[in-house]
Amino acid sequence: MARTRNEEAYNDTRSKLLTVGMSLIRAGSYESVGINDVLRTSGSPKGSFYHYFQSKEVFGLEVAKHYHAQQLQSAKDVLQNSEQAALERLSAFFQMAYDDFKARGFTQGCLMCNLSTELADEQPAFQKLLREHWHALSSEIATCIAELDKSEIGLEHLSDAEAGDWLLNSWSGALTRMKAVGDGEPLRLFLKTTFKKVN
């Protein structure tokens with residue numbers, strides 16, 4: 001008689017592998033992280049990886065989805081908070097991200113940025129998924145922008161969607177510079193320019 005899989009244990013282990021993969025890839029790169037690294041760090045039995053994922057590529061795509069789900073939910077929690085004015089919500093969203101990178105010592109960067117730089121122009125599956133993820137996050141920002149006067153952030157000449165894209169593009173560029181210089185000054189400049197805020 002076939003043994004029935006314990007779905008809760010299966011899902012817990014799978015989630016743990018994704019979380020570990022997210023951390024390792026964010027700290028290094030997709031190419032530099034091996035399957036054995038993930039198993040060793042997570043404390044999972046050697047050889048068990050393919051019980052949860054068909055290949056490293058599938059694992060990488062699932063890691064990207066795992067990260068995006070967390071990021072998008074955090075964005076929604078802040079940007080859809082009806083107890084705050086729209087401009088305050090928008091500022092709080094980027095401030096939350098700044099605080100997260102500060103807590104990490106302004107290292108590692110954003111997993112979506114890292115994967116986009118490393119893989120998007122070489123692997124179609126990653127490009128398609130990352131394009132969807134960027135669009136979803138930009139749309140959340142644009143929805144918040146629709147509730148404010150865009151002149152308050154100097155983007156009144158753009159549509160809400162364009163303004164959302166511009167802010168996300170600028171923030172992503174600042175994250176790349178952050179990794180290059182090793183401190184938070186590029187992010188602080190973004191906040192200072194967009195929200196007249198000094199950290």
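This chain uses plain numbering: 1 for the first residue, then up along the sequence. Because only heavy atoms are used, hydrogens play no part in the values below, and waters and symmetry mates are left out as well, while side chains stay in. The model shown is predicted, which means the values in this text are computed figures rather than measured ones.
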Fill in: Whether Phe106 and Tyr98 hold their rings parallel, tilted or perpendicular, with breakpoints at 30° and 60°
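Judged by the thresholds at 30° and 60°, the geometry between Phe106 and Tyr98 is tilted.
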Worksheet item: Looking only at side chains, do Asn114 and Glu118 share a donor and an acceptor under 3.5 Å apart?
Response: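 There is no such pair (donor and acceptor under 3.5 Å, judged by atom type) between the side chains of Asn114 and Glu118.
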Side chain proximity check, [X] to [Y], heavy atoms < 4.5 angstrom:
X	Y	answer
Gln54	Phe59	no
Phe94	Thr194	no
Leu115	Ile25	yes
Glu152	Phe195	no
Glu88	Phe93	no
Thr13	His51	no

Worksheet item: Charged N to carboxylate O below 4.0 Å: is that the case for Glu185 and Arg177?
Response: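 Looking at Glu185 and Arg177, the cut-off is not met.
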Worksheet entry | Electrostatic pair Arg104:Asp100 at N-O distance under 4.0 angstrom |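 Yes, Arg104 and Asp100 are salt-bridged.
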Between [atom1] on residue [X] and [atom2] on residue [Y], distance to nearest 0.5 Å:
X	Y	atom1	atom2	value
Tyr52	Ser15	OH	OG	11.5 Å
Leu18	Arg14	CG	CZ	5.0 Å
Thr193	Arg188	OG1	CZ	12.5 Å
Lys179	Thr117	NZ	OG1	7.5 Å
Phe190	Leu175	CZ	CG	9.5 Å
Leu130	Asp121	CG	CG	11.0 Å

Indicate if [X] and [Y] have the same hydrophobic cluster label, given that clusters are the connected sets of ILVMFWY residues with side-chain heavy-atom separations under 4.5 angstrom.
X	Y	value
Ile145	Leu158	yes
Tyr50	Leu17	yes
Tyr10	Phe53	yes
Trp134	Met22	yes
Leu155	Leu90	yes

May I ask you to decide if [Y]'s main-chain N or O and [X]'s side chain share a donor-acceptor pair within less than 3.5 Å?
X	Y	answer
Ser159	Glu162	yes
Lys102	Gly184	no
Asp37	Val33	no
Ser139	His135	yes

Taking all non-hydrogen atoms of both residues, which atom of [X] and which atom of [Y] are closest, and how far apart?
X	Y	result
Tyr67	Cys110	OH-SG, 3.6 Å
Met178	Gly109	CE-CA, 3.8 Å
Ala27	Gln108	CA-CG, 3.9 Å
Leu72	Ala136	CD1-O, 3.9 Å
Asp160	Ala142	O-CB, 3.4 Å
Leu39	Ser48	CD2-OG, 3.5 Å

Practice prompt. Go through the steps to decide whether Glu147 and Arg89 satisfy the test side chain to side chain contact (heavy atoms under 4.5 Å, CB included), and finish with yes or no.
Written response: CA-CA 10 Å; Glu147 299 181 40; Arg89 281 181 263 152; 2.9 Å; yes
Per-pair distances, 0.1 Å, donor-acceptor, side chain in residues 166-173, under 3.5 Å, sequence neighbours excluded:
| unit_1 | atom_1 | unit_2 | atom_2 | d |
| --- | --- | --- | --- | --- |
| Asn169 | ND2 | Asp165 | O | 3.3 |
| Ser170 | OG | Trp166 | O | 2.8 |
| Ser172 | OG | Leu168 | O | 2.8 |

Worksheet item: Hey, mind stepping through Asp12 and Lys16 against side chain to side chain contact (heavy atoms under 4.5 Å, CB included) and telling me if it holds?
Response: CA-CA 6 Å; Asp12 284 349; Lys16 185 176 182 180; over 6 Å; no
Discussion item. Enumerate the side-chain hydrogen bond (donor to acceptor under 3.5 Å, both in side chains) contacts for residues 122-131, please, sequence neighbours excluded, ordered by first and then second residue.
Written reply: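 Pairs touching residues 122-131 that pass the test: Lys128-Glu132.
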Discussion item. Please identify which of these residues, His133, Lys76, His66, Met112, meets the side chain to side chain contact (heavy atoms under 4.5 Å, CB included) condition with Gln71.
Written reply: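 Single pass found, and it is Met112.
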Donor-acceptor list for residues 80-87 side chains, cut-off 3.5 Å, not counting sequence neighbours:
| unit_1 | atom_1 | unit_2 | atom_2 | d |
| --- | --- | --- | --- | --- |
| Gln80 | NE2 | Glu140 | OE1 | 3.0 |
| Asn81 | OD1 | Glu83 | N | 3.1 |

